[in-house]
Amino acid sequence: MREVVTNAPLSGEIGHRKYGVPVARALSVCYNEAQRRSVTMSVRTRFAPSPTGYLHIGGARTALFNWLLARRHGGQFILRIDDTDEARHVDEAVAKILEGFRWLGIDWDEGPEIGGPHGPYYQSQRGDKYEAAIIQLIKSGKAYPDLTPTTEVDTLRRAAEAAKQPFVYRGKERDMDPAAALDVYLSKRPAVRYKVPSGRVVALDDKVRGHVEWQTDLLGDFTIARNEGKPLYNLATVVDDIDMKITHIVRAEEHLSNTHPQLHLFEGLGGEKPVFAHIPYVAAPGTKKKLSKRNPPPGVMVALEEYEQAGYLPRAVLNGLARLGWSLDDKTEVMDLQTVIDNFSLEKVVAAPAGLDPDKLYWLQDQYMKQLPSAERVDRMIPFLAAKGLISAPPTAEERETVAKIDAASGDRLKLLSDIVRYGEFFFTPTIDHDKEAAKHLRKEGAAEVVEKIKDALATLEPFDVKSVEGAISQLGASTGLGGKINHILRAATTGRSVGPGVYDCVAILGREKTLRNLEHTLAAIREGRIV
RNA sequence: GGCCCCGUCGUCUAGUUAGGCCUAGGACACAGGAUUUUCAUUCCUGCAACAGGGGUUCAAAUCCCCUCGGGGUCACCA
């Protein structure tokens, strides 16, 4: 006879798209605002990273989905550090993760630094709770101490593998009397295994995977604590999720198989089962393989901080992350956070792996850069210039003014915040060098004469502004017969670059003095054959 | 190998729960053109997909079965 254990839905608010009963729709007519709030207020989600030293872009996405669900329903988002493996507990590693969240603007209601009613929020500090759970489980006959040496278990495992049989381990002590088992546990502190019942089917109605079943006969008695009472991941997670009253577990799909043992633990511990949603992992661009930090595809940034360093805007990354496996509708791509919060639902999360699309993220970044008020863009670009030593930190009023002018003259050319370095470097250096493309224009026959004429024209130009420079240069273009082509030479000779902000703007921002100096410098370089 | 999941343009996706509104929509990328006296914008056009095979049905991307492909996971790690 088979019994079926399922995770009963906690609320009808979020019915499953395929298998869930559309309770919300059925009840919506009789829902009043207070009732709706009482249901939605109960949503508590969590993100439980293991402190590895950086925030993986996929992890950030998982955290975002949890955060979004909590915010959407007026609930709480909890941050917990999964550092049961003591070697993983490193303060700087945790700090890195928290910095990542702060940069993105994902705040947590309970967790590191702020605490909360269900703390501590570091698993390494919750040993007593795991110990209590282990004892409770042994007392109630749900778990037992395993005295078999690991070497022996390994041998059995290998034998099963060799025979191509599933390895289903049941310890010798599984039928030991609970009281005796507890004595053994307390005195010898051996590993502890959960007694998986046989002949049952465990079912899960996952919010994104749908209905999933496992046969208990295929699951061995899994370990919940290694010797010396050190709790293992599955145990710690379930104990904490119950203790912290987590209602919705949204995590990456690689945890789907962990759900089977965890479901047993929820039952054994008498905890209410949360709603589960296993979201697809983030795949490397153009593949279905999980994006990994260990061997990232060339040019693909995996750690969140790399995006910050590259000059991405948090809101662009947020938008990109939200679109990874989730969509608002059939056409909306650019949406602010509030729109995402207002519309987020697990039902719209796709089940297939979501490939990261760097091109699209870059495009999104461009969209947000255009929207950004100039003053804010300038504020955010300044650190990139300062980091290169091009301006002082903090910048002087004059430097800030120049950056603002460059920004205005650049129009939509600045895609990444760091582009200011590429586009504006020469404004802050005492002299200029000539890049390859610029050199091409300056190597042309008669270039020196043209540069000379430009210098003469600008030397006495009055006033010296964008309009007058444009007038003078176009006149010169006409008289030399070069027409618009004179601009190439002008740019190359004054900035050393072939691309950049509007060329008349560049000259005007540079000012007469610096422009003439750069022209002299270029002239000397041409004549001394230093332009190559 | 066992178990589990997934499979719509090159990419991200809409559409799949309630089969017809889909000769499959949008976006990114790419190609071409227009605007811009650099570049970047902007605009227009184009390219391009239901993994395959069987069913069920008047009708299937949508339901059923099989095959193939991809992935995840199988610890006294998290």
Side-chain angles (χ1 to χ4, degrees), chain A residues 15-20 22 48-52 82-85 87-88 123 146 150 153-154 157 160-168 190-193 206 209-210 212-215 218-220 222-228 230 232-234 236-237 252-260 278 280-281 283 285-290 320 323-334 347-348 350-364 366 370 410-415 423 437 441 473-474 477 482-488 490-492 497-503:
Chain A
H16 185 263
R17 54 183 176 166
K18 274 181 189 159
Y19 304 93
S50 141
T52 50
D82 276 14
D83 56 353
T84 52
D85 188 3
R88 289 187 191 239
Q123 291 193 327
D146 181 21
T150 49
V153 180
D154 283 343
R157 177 180 301 113
E161 271 166 23
K164 302 207 166 178
Q165 291 292 318
F167 177 62
V168 182
V192 180
R193 287 180 183 272
D206 190 278
R209 301 283 113 163
V212 182
E213 291 187 347
W214 293 274
Q215 313 263 343
L218 264 15
L219 177 67
F222 57 91
T223 316
I224 57 176
R226 43 184 173 180
N227 55 29
E228 299 308 323
K230 290 176 196 145
L232 254 11
Y233 172 71
N234 280 140
T237 296
E253 85 171 274
E254 51 258 42
H255 286 290
L256 186 57
S257 13
N258 281 146
T259 310
H260 183 186
H278 287 90
Y281 56 88
T287 73
K288 295 288 182 205
K289 287 198 205 305
K290 206 164 90 176
R323 283 286 289 105
L324 229 48
W326 178 85
S327 61
L328 172 59
D329 54 29
D330 60 346
K331 44 182 67 89
T332 311
E333 297 289 344
V334 181
E347 283 70 40
K348 296 281 284 179
V350 296
L356 181 70
D357 187 346
D359 285 334
K360 197 144 186 175
L361 186 59
Y362 184 74
W363 174 80
L364 233 23
D366 184 27
K370 282 180 194 150
S410 297
D412 296 322
R413 295 169 184 85
L414 301 165
K415 309 291 189 197
Y423 277 87
E437 286 300 307
H441 293 296
I473 296 299
S474 60
L482 279 166
K485 286 191 179 132
I486 193 168
N487 290 315
H488 297 292
L490 174 66
R491 179 186 294 279
R497 298 288 173 268
S498 61
V499 298
V503 65

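Each chain gets a letter, A, B and so on, in the order the sequences are listed, and its residues count up from 1.
- Map A:D359 and A:W214 each onto its nearest nucleotide of RNA chain B; the residue landing nearer the 5' end is A:W214.
- Across all strands shown, B:C21 forms no Watson-Crick or G-U wobble pair with both key distances under 3.5 Å.
- Shown here, B:A51 forms a base pair with B:U67; the pair counts as Watson-Crick or G-U wobble because both key distances fall under 3.5 Å.
- Contact annotation: the side chain of A:L364 approaches that of A:V334 to within less than 4.5 Å [non-hydrogen atoms, C-beta and beyond].
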For each nucleotide in nucleotides 38-45 of chain B, reading 5' to 3', give B when a protein heavy atom comes within less than 4.0 Å of its base, S when such contact involves only the sugar-phosphate, and - otherwise.
BBSSS---

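- With a cut-off of 3.5 Å on both Watson-Crick or G-U wobble distances, the partner of B:G2 is given as B:U73.
- When the C1' atom of B:U13 is taken as reference, atom NZ of A:K360 falls 7 Å away, rounded to whole Å.
- At a cut-off of 3.5 angstrom, the base of B:A27 holds no donor-acceptor pair with the side chain of A:K331.
- With A:D366 as the partner, the salt bridge (Lys or Arg N to Asp or Glu O under 4.0 Å) test is satisfied by one option alone out of A:K360, A:K415, A:R413: A:K415.
- Comparing the C1' positions of B:G7 and B:U38 gives an interatomic distance of 46 Å, to the nearest angstrom.
- Taking atom P on both B:A31 and B:G55, the two are 44 Å apart, rounded to the nearest angstrom.
- Between A:L232 and A:F222, the closest side-chain pair of non-hydrogen atoms is not below 4.5 Å.
- Between B:G15 and A:K348, a contact under 4.0 Å exists linking OP1 or OP2 to a side-chain N or O.
- Look at CG on A:D330: it is 11 Å from P on B:U16, rounded to the nearest Å.
- The minimum heavy-atom distance between A:P280 and A:E253, with the atom names listed, is CA-OE2, 3.6 Å.
- Side-chain atoms of A:K290 and A:E254, non-hydrogen and from C-beta on, do get closer than 4.5 Å to each other.
- Straight-line distance between the C1' atoms of B:G46 and B:A29: roughly 14 Å, to the nearest whole Å.
- When heavy atoms are screened at a 4.0 angstrom cut-off, A:A354 is found touching the sugar-phosphate backbone but no base atom.
- What you find for A:Q215 and A:H260 is that their closest heavy atoms are O-CE1, 3.7 Å.
- Across all strands shown, B:C39 has no partner, as no Watson-Crick or G-U wobble contact with both distances under 3.5 Å is found.
- Separation of the C1' atoms belonging to B:U62 and B:C22 is 11 Å when rounded to the nearest angstrom.
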Polar pairs (N or O, both sides) under 3.5 Å between protein and nucleotides 66-76 of chain B?
{"from": "B:G71", "atom 1": "OP1", "to": "A:K289", "atom 2": "NZ", "distance (Å)": "2.2"}
{"from": "B:G71", "atom 1": "O2'", "to": "A:Y281", "atom 2": "OH", "distance (Å)": "2.4"}
{"from": "B:U73", "atom 1": "OP1", "to": "A:K290", "atom 2": "NZ", "distance (Å)": "3.3"}
{"from": "B:U73", "atom 1": "O2'", "to": "A:S257", "atom 2": "OG", "distance (Å)": "3.4"}
{"from": "B:A75", "atom 1": "OP2", "to": "A:R157", "atom 2": "NE", "distance (Å)": "3.1"}
{"from": "B:C76", "atom 1": "OP2", "to": "A:R193", "atom 2": "NH2", "distance (Å)": "3.4"}
{"from": "B:C76", "atom 1": "OP2", "to": "A:T223", "atom 2": "OG1", "distance (Å)": "3.3"}
{"from": "B:C76", "atom 1": "O2", "to": "A:N227", "atom 2": "N", "distance (Å)": "3.0"}
{"from": "B:C76", "atom 1": "N4", "to": "A:T148", "atom 2": "O", "distance (Å)": "3.4"}

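- Comparing B:U8 with B:U56, their P atoms sit 27 Å apart, to the nearest whole Å.
- A:L324 places its CG atom 11 Å from the C1' atom of B:U11, with the value rounded to the nearest Å.
- Using a 4.0 Å heavy-atom criterion, one finds that A:W326 contacts no nucleic acid atom at all.
- Atom CG of A:D357 is separated from atom C1' of B:U11 by 5 Å (rounded to the nearest Å).
- Mapping A:K485 and A:L356 onto RNA chain B via the closest heavy atom, the residue that lands nearer the 5' end is A:L356.
- Remark: B:U11 base-pairs with B:A27. Criterion, Watson-Crick or G-U wobble with two distances under 3.5 Å.
- Applying the side-chain hydrogen bond (donor to acceptor under 3.5 Å, both in side chains) rule to A:T150 yields no partners; only residues at least two apart in sequence or on another chain are considered.
- Atom CG in A:L328 sits about 11 Å away from atom P in B:A14, given to the nearest Å.
- At least one donor-acceptor pair closer than 3.5 Å links the side chain of A:R209 to the backbone N or O of A:A351.
- Atom C1' of B:A48 sits at a distance of 5 Å from the matching atom of B:C9, rounded to the whole Å.
- A donor-acceptor pair is defined here as one N or O able to donate and one able to accept, closer than 3.5 Å; such a pair exists between the side chain of A:R491 and the backbone of A:P501.
- Shortest non-hydrogen contact noted between A:A283 and A:P353 is CB-CB, 4.4 Å.
- Between A:T237 and A:D82 there is a side-chain heavy-atom pair separated by less than 4.5 Å.
- Residue contacts for A:S474: at a heavy-atom cut-off of 4.0 Å it reaches a base atom on one of the strands shown.
- If you take atom P in B:U42 and the same atom in B:C47, they sit 22 Å apart, rounded to whole Å.
- Comparing the P positions of B:G70 and B:A59 gives an interatomic distance of 34 Å, to the nearest angstrom.
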